[in-house]
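First up is the structure itself, then whatever we jot down about it.
On a predicted model such as this, the values are computed, not experimentally measured, just so you know. Letters go in sequence order (proteins before strands), and every chain restarts at 1.
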Amino acid sequence: MVGPGFHGQVYAVVRTVPAGHVVTYGDVAAALGSPRVARQVGWALAALRDDTVPWHRVINAKGRISFKGDTPRAIQQRARLVSEGIEFDATGRVDLHRLRWLLQAHPLEQM
DNA sequence: GGTTTGACCATAA
DNA sequence: CTTATGGCCAAAC
């Protein structure tokens, strides 16, 4: 249900991220053609209720789960990533240098 | 249709 | 390392 313009594209890109890899909001935004819309990517995921989208594989550029104040979701996200084989640092950060997934410009524009 | 806000990012102190 | 500020663009009010 890639409804309106931006959200659908975000979901499409996030679905292309395989397990065991992560991407930053900026990367997803850049894959959509605008590296400045990282916030909207996060906002789109905030409205997400679809389990078909691995939203937990999307983190911030610091390799960490930021959120605003809703910790429970962050904890669940971390649990899912660990379950997929993602390793977390002592500070709760992920090794982006190794687990960063290279997004494609237009994954499934007309799939 | 203007104002507010936001799961961000980069820079500065 | 953390905290603060500006900017960016789309959706919600």
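Taking the side chain as every heavy atom from C-beta outward, A:Val14 and A:Arg57 never approach each other to under 4.5 Å. A 4.5 Å side-chain heavy-atom check between A:Arg78 and A:Ile75 finds at least one atom pair inside the cut-off. Side-chain contact between A:Val94 and A:Ile65 is absent, with no heavy atoms from C-beta onward closer than 4.5 Å.
Looking at heavy-atom distances under 4.0 Å, A:Arg93 makes contact with sugar-phosphate atoms alone, never a base.
Going from atom CZ of A:Phe6 over to atom C1' of C:dA10 covers 7 Å, rounded to whole Å. Nucleotide B:dA7 holds its P atom 13 Å from the CH2 atom of A:Trp55, rounded to whole Å.
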Using nucleotides 8-10 of chain B, report all nitrogen or oxygen pairs with the protein that are shorter than 3.5 Å.
residue	atom	partner	partner atom	Å
B:dC8	OP1	A:Ser66	OG	3.2
B:dC8	N3	A:Arg39	NE	3.4
B:dC9	OP1	A:Ala61	N	2.8
B:dC9	OP2	A:Ala61	N	3.0

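At least one donor-acceptor pair closer than 3.5 Å links the side chain of A:Tyr11 to the backbone N or O of A:Ala44. Judged by distance alone, with hydrogens and angles left aside, the side-chain atoms of A:Arg80 form no donor-acceptor pair with the main-chain N or O of A:Trp55 at under 3.5 Å. The backbone N or O of A:Ala31 lies less than 3.5 Å from no partner atom in the side chain of A:Gln9, so there is not a single donor-acceptor pair.
Each of A:Val37 and A:Ala47 has a nearest nucleotide on DNA chain C; the 5'-most of these lies closest to A:Val37.
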